[in-house]
Protein chains: 2
Amino acid sequence: MVNVGKRSGRPRAGEERLSREAILTAALRIVDDEGIDALTMRRLAATLQVNPMSLYHHLPNKAAVLAGLAELVFAGLELPDPGDAVPWDEQLKEAARAYRNGLRQHPNLALQVLSDTSAVSDVVVVTMEPFYRALDRAGLEPRQIFEAANTLIDFIHGFSLGEASVRAETFELAPDLLTRVRALPADKAPTLKRIVGGLGVEGLAYDFDGGFESGLSTLTAGIAATARRR
Amino acid sequence: MVNVGKRSGRPRAGEERLSREAILTAALRIVDDEGIDALTMRRLAATLQVNPMSLYHHLPNKAAVLAGLAELVFAGLELPDPGDAVPWDEQLKEAARAYRNGLRQHPNLALQVLSDTSAVSDVVVVTMEPFYRALDRAGLEPRQIFEAANTLIDFIHGFSLGEASVRAETFELAPDLLTRVRALPADKAPTLKRIVGGLGVEGLAYDFDGGFESGLSTLTAGIAATARRR
DNA sequence: CTCCTAATCCATACGTTGTACGATTATGTA
DNA sequence: TACATAATCGTACAACGTATGGATTAGGAG
């Protein structure tokens with residue numbers, strides 16, 4: 001079969017249409033714009049105006065594309081470090097807020113990023129440096145720093161997972177969850193029902209920002225207690 | 001085409017080969033044994049000795065199967081409630097441990113369970129009752145109880161996600177992560193490098209149980225501080 | 001008992017997906 | 001110039017989810 005419209009074969013120097021980065025960038029745009037299910041190798045190749053099989057010379061398979069996207073998101077993270085200008089707990093919170101915000105940049109990718117452990121490379125660990133700095137200033141020992149950082153990171157991951165899931169769904173069930181709780185038989189969850197009763201009307205819409213800050217305060221308070229105990 | 005081997009048509013009462021539960025049970029076994037990717041409608045039908053299309057009379061599509069699995073796992077959760085026999089923080093920890101263990105029962109399903117918000121139904125909220133009971137005993141106000149419970153749950157989710165991901169992967173990168181950190185240039189992450197230096201050799205293998213307990217202690221300490229502040 | 005309806009299951013088929021294989025063409029090195 | 005290598009393309013295949021429609025038969029209505 002003769003090639004009529006497009007050129008085939010190896011392109012001239014400087015005319016390569018593809019590269020790992022170009023592919024990943026295009027993939028990220030597709031995922032951000034249309035969701036993770038819209039990302040197929042064919043669709044990706046089409047937006048790059050390239051034959052689907054050409055992608056496989058730069059990435060071994062689709063899993064590698066997804067892993068590369070997770071890596072890309074992590075690489076884009078930059079946690080600020082206000083340093084000694086603020087108390088250690090504020091330093092810690094500021095880095096945590098930035099981490100959460102970074103994960104929120106690409107909600108359609110959250111699940112992939114949070115579950116892809118191959119993305120847990122040197123890059124990621126190094127990114128967390130501000131966490132270790134702040135915890136060091138708090139007066140923790142090495143092992144305590146390590147564990148406290150992991151606890152904080154786990155909280156952020158769990159929080160981000162919930163946040164991303166709610167945004168991804170049709171947002172139908174969540175809003176009226178509390179009203180349905182009110183309708184539960186009293187013997188099933190008495191404490192829960194009492195709590196909901198004491199929440200007031202404004203409690204019906206969950207406040208993600210407030211929830212996150214509350215978690216941060218609880219964690220820093222707990223870490224402070226550990227530091228005080230030596 | 002005449003049906004020779006198998007029976008066809010509507011089965012006699014009580015002789016139905018399929019049901020929502022039977023399908024989900026078989027699906028759960030496949031996922032547990034061979035991973036989430038092994039679950040296809042054809043494979044599922046084969047293990048039930050049934051035509052693939054028969055499944056669609058009990059579940060509308062594959063997404064419903066996955067959602068049903070998440071629901072199944074949640075329904076199987078039972079958080080113990082030692083009640084007033086122990087201090088509130090131990091009561092809280094005990095429920096948290098049970099929650100984590102419940103999620104660990106089906107590691108191949110963790111991602112699905114943790115990200116499927118449609119599973120966040122009445123059942124789930126009611127399951128969390130021991131959390132609310134313990135936090136109530138701690139002396140928190142309704143809104144604080146709500147927020148503290150969410151923080152704890154988010155931590156458990158994040159922790160479980162990491163735990164499941166590591167188990168699911170080939171377990172190649174994680175073990176030598178710390179050794180690679182040691183090899184990093186000193187100016188990239190000085191605090192991290194110092195912490196790792198102070199961890200000792202046994203720190204190279206991450207201790208999930210220890211990490212979880214550490215997180216629980218940090219959280220309960222933080223909650224106690226909130227309770228003390230009124 | 002007879003007819004109708006609805007439940008259950010099956011056979012076939014379609015469009016889409018990831019990607020294996022081989023051919024084609026340019027580059028860089030010997 | 002000769003040749004290994006790299007980048008792209010064309011074709012093809014197996015597996016997937018599931019739409020459609022038909023076959024069989026249990027159970028309810030008359």
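Naming: A, B, ... by sequence-line order, numbering from 1 per chain. Remember, it's a predicted structure, so these values are computed and weren't measured experimentally.
Between A/H157 and B/F155, the ring centre distance reaches or exceeds 6.0 Å. For B/F212 and B/F159, the ring centers sit closer than 6.0 Å to each other.
Remark: P of C/dA20 and CG of A/L59 are 14 Å apart, rounded to the nearest angstrom. Rounded to a whole Å, the CG atom of B/D37 is 16 Å from the C1' atom of C/dT19. Atom-to-atom, CG of B/L55 to C1' of C/dA7 comes out at 16 Å; the value is rounded to the nearest Å. In this structure, CG of B/L44 is placed 18 Å from P of D/dA15, rounded to the nearest angstrom. Distance NE2 (B/H57) to C1' (D/dA19): 12 Å, rounded to an integer number of Å. Per the geometry, NZ belonging to A/K62 stands 8 Å off P belonging to C/dT19, to the nearest Å. The CD1-C1' distance, from B/I23 to C/dC9, rounds to 12 Å in whole Å. Between the CG atom of B/L18 and the P atom of C/dA7 there is a distance of 15 Å, rounded to whole Å.
Atom CG of B/L114 and atom CD1 of B/I156 lie 10.5 Å apart (nearest 0.5 Å).
Evaluation of the side-chain contact (heavy atoms from CB on, under 4.5 Å) rule for A/L111 yields A/L161, B/L111, B/S115 as partners, not counting sequence neighbours. For A/H106, the side-chain contact (heavy atoms from CB on, under 4.5 Å) partners are A/L28, A/D32, A/V73, A/L109, not counting sequence neighbours.
A close approach under 4.0 Å does occur between a side-chain nitrogen or oxygen of B/H58 and OP1 or OP2 of C/dC9.
Here A/E129 does not pair with B/K193 in a salt bridge; the nearest charged N to carboxylate O distance is not below 4.0 Å.
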Show each protein N/O and nucleotides 14-16 of chain C N/O combination with a separation under 3.5 Å, one pair to a line.
none

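Distances were taken from every side-chain heavy atom of B/M53 (C-beta onward) to each of D/dT20, D/dC9, C/dT19; the shortest belongs to D/dT20.
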(request) Apply salt bridge (Lys or Arg N to Asp or Glu O under 4.0 Å) to A/R97 and A/E213, showing your working. (result) CA-CA 9 Å; A/R97 292 185 190 111; A/E213 288 299 323; 2.7 Å; yes

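Nearer to the 5' terminus of DNA chain D, by closest-nucleotide assignment, is the contact made by A/S54 (compared with the other of A/S54 and B/Y56).
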